[in-house]
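Reading through the C-alpha cells given below for one structure.
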Amino acid sequence: LRAVSSLGEYHAASGHFQVVVDIEKDTRFVPSFLKGERDLFVAVGSVDSVVDFDQLGEGDVTVSRDRRRATIRLPHARFDDVDVDPSKSYVYDRDRGLLDRVGSVFGDDANNDRKLYLLSESKLRKAAGDNSGLLRRAETNTRLMLQGMLRSLGYTTVTVEFLPPET
C-alpha cells in the first residue's frame, strides 16, 4: 500500500464512448508519399460524472426542527478523469511516407502513440459533454440516492438542489 485517500466524490453516472482520432503530419513542399504521416486511432474509454461532497459548506444541509424535512444544496456534477481503455483502443490505419518508413527501422517514435492517447482523452471528454446527458443523469442519480437514504432515516420531504455554477 502506497497511499490512502478519503473520497468525497460520488460517482453518479458513467458513460462509455468510442471516438476516432485523426492525426496528420506533413512536410511543406515535400509530397506525402515521400515524407509525412497520418494515423487513424479508434479510442474506446469511459468518463464518470461526479458530485463533489467535499464542496458542501456550512448551511448547505438544513433540517427542519421536527426533523421531517431536509434540504441539501450541492455543486453541479462535473466530469472526472477520462479513462482510455488500451485493450480496446487501436490504430486503425497508419500511413507513412517512404522516408518515415525507412526512419522507423531505426526506432519508432513512442511519443506519437502518447499524442494519440492524449488527444483521445480530449475527444472522449468532448463526446461526453456533447449532449450525452451524462451530467444531468449524475444529478438525477445523486438526488434519488440522497432522497432514498434520508427517507429511510425518517425524513418525509427531502429536497436536493444544485447550486448555480461559480463564475
Side-chain angles (χ1 to χ4, degrees), residues 2-57 60 72-97 99-101 103-104 107-149 159-167:
R2 297 188 57 146
V4 174
S5 299
S6 295
L7 300 177
E9 296 174 338
Y10 175 59
H11 289 246
S14 184
H16 189 73
F17 300 91
Q18 178 175 314
V19 296
V20 174
V21 177
D22 184 354
I23 295 180
E24 189 167 0
K25 185 171 78 172
D26 291 322
T27 303
R28 290 182 65 178
F29 310 117
V30 178
S32 62
F33 73 89
L34 284 177
K35 179 85 173 122
E37 295 181 52
R38 182 174 186 198
D39 292 327
L40 290 174
F41 184 70
V42 177
V44 178
S46 59
V47 182
D48 285 357
S49 51
V50 300
V51 175
D52 191 354
F53 290 129
D54 279 342
Q55 299 300 313
L56 282 171
D60 286 337
I72 303 170
R73 298 174 44 154
L74 297 167
H76 279 284
R78 63 172 174 75
F79 293 122
D80 198 23
D81 294 335
V82 175
D83 183 25
V84 179
D85 185 345
S87 68
K88 294 183 179 153
S89 301
Y90 57 94
V91 175
Y92 174 75
D93 188 32
R94 178 170 279 161
D95 292 325
R96 294 182 174 175
L99 297 175
D100 294 302
R101 281 183 274 170
S104 69
D108 241 350
D109 183 9
N111 273 340
N112 199 36
D113 286 348
R114 179 167 167 70
K115 288 176 192 173
L116 288 171
Y117 275 88
L118 290 172
L119 190 53
S120 296
E121 289 178 4
S122 173
K123 288 193 79 166
L124 287 165
R125 182 179 304 283
K126 184 175 178 346
D130 288 346
N131 299 315
S132 71
L134 194 57
L135 294 175
R136 188 172 48 257
R137 170 71 58 97
E139 291 181 0
T140 298
N141 290 350
T142 302
R143 181 178 288 112
L144 292 171
M145 180 272 298
L146 289 170
Q147 287 173 336
M149 183 174 66
T159 305
V160 178
E161 302 170 350
F162 290 92
L163 301 169
E166 293 181 13
T167 54

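Of all heavy-atom pairs between A127 and S132, the closest is O-CB, 4.0 Å. The two residues A43 and L124 come nearest to each other via the heavy atoms O-CD2, 4.2 Å. The two residues D80 and R125 make their nearest non-hydrogen contact at O-NH1, 3.3 Å. Shown here for V84 and S120, the closest heavy-atom pair between the two residues is CG2-CB, 4.2 Å. Contact record, D52 with P75: O-CG, 3.4 Å, taken as the closest heavy-atom pair. In this structure, R137 and A13 approach most closely via the heavy-atom pair CG-CB, 3.8 Å.
The pair E161-R143 does not count as a salt bridge, with every side-chain nitrogen at least 4.0 angstrom from each carboxylate oxygen.
To the nearest 0.5 Å, atom CZ of residue F53 and atom CG of residue L74 are 5.5 Å apart. Within the model, atoms NZ of K123 and CG of L118 stand 14.0 Å from one another, a figure rounded to the nearest 0.5 Å. Interatomic distance, CD of E9 versus CZ of R78, reported as 4.5 Å (0.5 Å rounding). The distance from atom CG of D48 to atom CG of D83, rounded to the nearest 0.5 Å, is 8.5 Å. To the nearest 0.5 Å, atom OH of residue Y90 and atom CG of residue L40 are 10.5 Å apart. Here I72 contributes atom CD1 and D60 contributes atom CG; the two are 10.0 Å apart, rounded to the nearest 0.5 Å.
Side-chain atoms of N141 come within 3.5 Å of backbone atoms of A12 as a donor-acceptor pair (strictly under, hydrogens ignored). Judged purely by atom type and a 3.5 angstrom limit, S89 uses its side chain to pair as donor or acceptor with the backbone of V44. Distance alone, capped at 3.5 Å, places no donor-acceptor pair between the S49 side chain and the A77 backbone.
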Between F162 and V51, is the side-chain contact (heavy atoms from CB on, under 4.5 Å) condition met? List the steps. CA-CA 10 Å; F162 290 92; V51 175; 4.3 Å; yes
With side-chain contact (heavy atoms from CB on, under 4.5 Å) as the test, would you mind laying out the steps for V50 and F79 before giving the verdict? CA-CA 6 Å; V50 300; F79 293 122; over 6 Å; no
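Screening V21, V82, V47 for a side-chain contact (heavy atoms from CB on, under 4.5 Å) with E121, the sole residue that qualifies is V82.
Side-chain contact between V42 and Q18 is present, with at least one heavy-atom pair separated by less than 4.5 Å.
No more than 12 heavy atoms of other residues, nucleotides or ligands lie within 6.0 Å of CZ in R73, so this atom counts as exposed by the packing criterion.
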